[in-house]
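Below you'll find the structure, written out as structure tokens, and then a few comments.
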Amino acid sequence: MGAFLDKPKTDKHNEGGVGNGLRYGLASMQGWRVEMEDAHAAVIGLPSLKDWSFFAVFDGHAGAKASAVCSDQLMNHIISNGDFQKFDLSAGTETQPSLEAIKSGIKAGFLSMDEKLRSMPEVVSGQDKSGSTAVGVIISPTHIFFANCGDSRAVLCSAGKCAFSTVDHKPVNPIEKERIQKAGGSVMIQRVNGSLAVSRALGDFEYKNVEGMGPCEQLVSPEPEIFAYDRDPADEFLVLACDGIWDVMSNEELCDFVGNRLQITSSMENICNQVIDTCLYKGSRDNMSIVIVTFQGAPKLSEEAIKKEAELDAKIEAKIKETLESDSSLDTDLPYLMHVLSDLEGLPPGGGLSSKRGTVEAILNKLRPPKPEDNDEDGGTPIE
Ligand code: MN
């Protein structure tokens, strides 16, 4: 389940890109955990299908091996397997692949990825017991294929609302519980055999050894749930994220927040970083990873939203000034200011005051610079 650090590692990894009418940004951060076990993948233009794209988030557990290998190889397992290739998608319009064929290709790709993991020497020897969730999308010119295995989640925002989300695979879900029990296991403290908090994953072979049962009938199944969504001009953006994000923000909050931020900055990476910082301040103690992909219908930069944000920042600064002036004691610290600001109006939708904590801290440091002993500059040395 992982131990925690004394203070969170807040360095972020960022990537971004443009193509196929899409823009994407991603961010990941280790946070409070001792290890970083998340991984991700982002590919605009598949090798054989230039106008298709692939994005995924992997949340590893019991080690980072499974998530790392999946981020590197899952896409190839999908696009190179027979089911997916049988329908020559690159041949153009005359061979329209059936949705069922693509779905079965995605499923076959997940199962073959899992077999590959099982065959790795460190897994065969029992030295590596890691596993990983996988949530991904394959975006074609006409469809979004969502594939989910585990408790990471994809959410689609369309026409200003959360229009679709994948369902987390938790051991207590009736379908999951039935499979676990049929395989001779049990669900205790909401976990598989009282231990694993997720009921589908790649890897985790300690939970996949029931004799006489197929790969998708085991205690933990590598089978993805797949959904084919017809793309619509009203589609704005989609978010893929691990439970480090979803534990502290709802689908609606994240849709509202990202939709609002897209009107204020054109940097997708910056928006991803803002989401992660907000989740950290909301109390997430997990590794965090997020991928945001925008479509043509995404909110555009808005003068009005930018002006509103500047007004909010000015209001925050004025309130902090007023508080510092009325109370010169040095206990006026960040938590106290966050309390004072908690009923401020006009906070970012979905993000609230947590999403402005960095701003509050920067203003506090500007108005009342940290005491000299906090600096590593030679503040204490008398000059002349
Ligand atoms: Mn996690």
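Please read these numbers as outputs of a predicted model, since none were measured by experiment. Counting convention: from 1, in listed order, for ligands and their atoms alike.
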Using the ring of F110 (Phe, Tyr or Trp, six-membered ring only), decide whether K107 places NZ or CZ under 6.0 Å from its centre and within 45 degrees of its axis. no
What N/O/S atom of D243 gets nearest to the Mn ion (ligand 1)? OD1
For Q274, run the side chain to side chain donor-acceptor pair (under 3.5 Å) check against N270, D277, T278 and tell me which one passes. N270
Please name the atom of D286, limited to N, O or S, that comes nearest to the Mn ion (ligand 1). OD2
State which residue, out of V172, N173, N193, V192, fulfils the side chain to side chain contact (heavy atoms under 4.5 Å, CB included) condition with V187. V172
What is the name of the N/O/S atom in D59 that sits closest to the Mn ion (ligand 1)? OD2
Is R231 close enough and on-axis enough to F295, meaning under 6.0 Å and within 45°, for cation-pi? no
